[in-house]
Each structure stands twice: as structure tokens, then as C-alpha cells.
Q: 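Below: one structure in C-alpha cells.
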Amino acid sequence: MQIILSNVFYQISAKSAPDEMNPFASLTVTYVIGAVASLIFYYVLNKEANIIHEYSKVNWAPFVLGFAIVGLEVGYIYAYKAGWPVSVAQIVQASVLAVILIFVGYLLYHESITWNKIAGIIVCLTGLALININ
């Protein structure tokens with residue numbers, strides 16, 4: 001439920017980003033709020049919190065995730081500025097992403113491609129075709 005509710009607010013916020021504001025400037029505010037909230041939650045939810053010890057465990061993933069999040073968020077802001085409807089942008093990206101991740105799972109994590117996943121790909125692609133019919 002948290003993911004769904006957060007995604008609803010995410011999409012509303014991305015769609016409502018000021019048109020006259022550069023998306024990257026807007027994201028600097030977003031990330032300051034996110035960093036402060038993350039730090040507060042870290043200390044509130046961990047009785048024996050030691051942030052420096054946690055940072056000693058870091059690998060490449062948080063760094064790449066940071067760049068990926070910037071790309072994701074600025075991509076939505078630009079899509080909405082270009083006129084994409086909020087009701088379509090998320091569905092299109094989620095469908096394409098679902099299909100791509102089936103192959104990523106297979107290639108990187110040796111997950112199987114089952115008939116159910118193939119059927120899911122067909123459903124996603126059919127859904128995309130139906131959404132794009134005018």
C-alpha cells in the first residue's frame with residue numbers, strides 16, 4: 001500500500017512541477033527533502049543507529065541508483081511538460097519496464113522465462129497498443 005500511495009503522490013507531484021522551473025533545480029529541493037527524511041527515519045526506526053557504520057557497507061549500487069533516480073524523475077517531469085497525460089505515462093513506462101525486466105531477470109539473475117511471463121509480455125504489448133489507439 002505504501003508503494004501505491006507514494007506513487008500516486010509521486011505522479012501528482014511530477015505532473016505539478018512548475019513549468020517555469022528547470023526540472024533539475026526542482027529535483028535539488030526534492031533530494032534535500034528526501035535526504036533529511038531518510039536520515040530522520042533511519043534514526044527513528046533504528047535503536048542502535050550508527051550511520052557511519054552503515055556507510056562503511058556501501059557498494060556501487062547506491063551511486064548508480066542515484067543517477068537512475070535522477071533520470072527517472074526528470075524523465076517524468078519532461079514527459080508531463082510535453083503533454084503526456086498522467087493516466088497514460090505511468091502505464092506506458094510500467095508496461096515497457098515489465099517486459100524489459102523479464103529479460104534482465106533472465107540474463108542477469110538466471111530467472112526463468114515461463115509461459116506465464118510470455119503471456120504477460122503479450123498482455124503488456126496489447127495494452128500499449130490499446131492505449132495508443134486514438
Side-chain angles (χ1 to χ4, degrees):
M1 184 63 170
Q2 177 184 351
I3 293 171
I4 294 169
L5 189 58
S6 294
N7 207 336
V8 168
F9 283 107
Y10 175 92
Q11 297 302 328
I12 291 169
S13 299
K15 179 84 170 162
S16 301
D19 286 337
E20 61 278 356
M21 185 176 195
N22 182 290
F24 292 105
S26 175
L27 289 177
T28 62
V29 175
T30 300
Y31 293 131
V32 167
I33 298 300
V36 170
S38 294
L39 191 63
I40 290 169
F41 284 127
Y42 173 75
Y43 281 105
V44 168
L45 298 175
N46 292 288
K47 293 180 183 179
E48 297 179 22
N50 181 343
I51 196 81
I52 302 302
H53 177 69
E54 295 298 326
Y55 288 159
S56 72
K57 302 174 191 175
V58 75
N59 67 3
W60 61 268
F63 298 99
V64 173
L65 183 60
F67 285 109
I69 289 172
V70 170
L72 179 85
E73 292 178 355
V74 80
Y76 271 117
I77 292 170
Y78 280 131
Y80 291 140
K81 283 183 179 228
W84 276 71
V86 72
S87 60
V88 174
Q90 172 68 15
I91 294 170
V92 169
Q93 81 79 27
S95 297
V96 172
L97 180 64
V99 172
I100 291 170
L101 288 179
I102 287 174
F103 296 104
V104 168
Y106 175 76
L107 294 171
L108 295 182
Y109 302 105
H110 309 291
E111 297 172 358
S112 61
I113 296 180
T114 63
W115 287 108
N116 286 346
K117 289 180 183 176
I118 293 169
I121 290 170
I122 294 167
V123 168
C124 285
L125 296 176
T126 303
L128 287 174
L130 291 173
I131 285 174
N132 288 308
I133 294 175
N134 288 327

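Every value quoted in this text rests on a predicted model; they were computed, and no experiment measured them.
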Q: Count the heavy atoms of every other residue, nucleotide or ligand shown that sit under 6.0 Å from CG of L45, and state whether that count exceeds 12.
A: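 Counting neighbours around CG of L45, more than 12 heavy atoms of other residues, nucleotides or ligands fall under 6.0 Å, so yes.
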Q: Quick check: closest heavy atoms across V88 and I131, and the distance to 0.1 Å?
A: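 Smallest interatomic distance, heavy atoms only, reads CG1-CG2, 3.6 Å.
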Q: When you group the ILVMFWY residues by side-chain heavy-atom contacts below 4.5 Å and let the links chain together, are Y31 and L72 in the same group?
A: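 Different clusters: L72 never reaches Y31 through Ile, Leu, Val, Met, Phe, Trp or Tyr contacts under 4.5 Å.
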Q: Should we say atom OH of Y106 is surrounded by more than 12 heavy atoms from elsewhere, each under 6.0 Å from it?
A: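 Result for OH/Y106: open.
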Q: Would you tabulate the side-chain donor-acceptor contacts of residues 49-70 under 3.5 Å, counting partners in other chains and residues two or more places apart, or write 'none'?
A:
from	atom 1	to	atom 2	distance (Å)
N50	OD1	I52	N	3.3
N50	OD1	H53	N	3.0
E54	OE1	K57	NZ	3.4
E54	OE2	K57	NZ	3.4
S56	OG	H53	O	2.5
N59	OD1	A61	N	2.9

Q: Do V104 and V96 belong together in a cluster built from hydrophobic side chains that touch within less than 4.5 Å?
A: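 In one cluster with V104: V96, yes.
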Q: Under 4.5 Å between side-chain heavy atoms, hopping through other hydrophobics if needed: is there a path connecting V36 to F41?
A: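 Looking at the clustering, F41 is in the same group as V36.
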Q: Got a list of side-chain donor-acceptor pairs under 3.5 Å for residues 11-19, not counting sequence neighbours?
A:
from	atom 1	to	atom 2	distance (Å)
Q11	OE1	Y80	OH	2.4
Q11	NE2	N7	OD1	3.2
Q11	NE2	Q90	OE1	2.9
S13	OG	F9	O	2.8
K15	NZ	W84	O	3.1
S16	OG	I12	O	2.8

Q: Side chains of L130 and T126: does their closest heavy-atom pair fall under 4.5 Å?
A: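 Yes; the side chains approach each other to less than 4.5 Å.
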Q: Hydrophobic clusters here meaning ILVMFWY residues chained together by side-chain heavy-atom distances under 4.5 Å, can you tell me if I33 and Y10 are in one?
A: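 In one cluster: no.
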Q: Taking the side chain as C-beta and beyond, is there a heavy-atom pair between L27 and T30 under 4.5 Å?
A: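 The answer is yes, as the side chains (C-beta and beyond) meet within the 4.5 Å cut-off.
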Q: Please check if the number of heavy atoms outside I3 that lie under 6.0 Å from its CD1 is greater than 12.
A: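 Not more than 12 within 6.0 Å, no.
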Q: Examine V8 and I77 and state if one hydrophobic cluster contains both, with Ile, Leu, Val, Met, Phe, Trp and Tyr joined whenever side-chain heavy atoms are less than 4.5 Å apart.
A: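 No; tracing contacts between hydrophobic side chains, which count when under 4.5 Å, never links both residues.
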Q: Donor-acceptor pairs are to be reported for all side-chain atoms of residues 110-123 against protein atoms at under 3.5 Å, with residues two or more places apart or in another chain.
A:
from	atom 1	to	atom 2	distance (Å)
T114	OG1	N116	N	3.4
T114	OG1	K117	N	3.2
K117	NZ	S112	O	2.8

Q: Give the intermediate values and the outcome of side-chain contact (heavy atoms from CB on, under 4.5 Å) for residues V99 and I102.
A: CA-CA 5 Å; V99 172; I102 287 174; 5.7 Å; no
Q: State, to 0.1 Å, how close C124 and A98 come at their nearest heavy-atom pair, and which atoms those are.
A: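 Taking every non-hydrogen atom into account, SG-CB, 4.2 Å.
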Q: Do P23 and E73 have side chains that approach each other closer than 4.5 Å (heavy atoms only, starting at C-beta)?
A: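 No, every pair of side-chain atoms sits at 4.5 Å or beyond.
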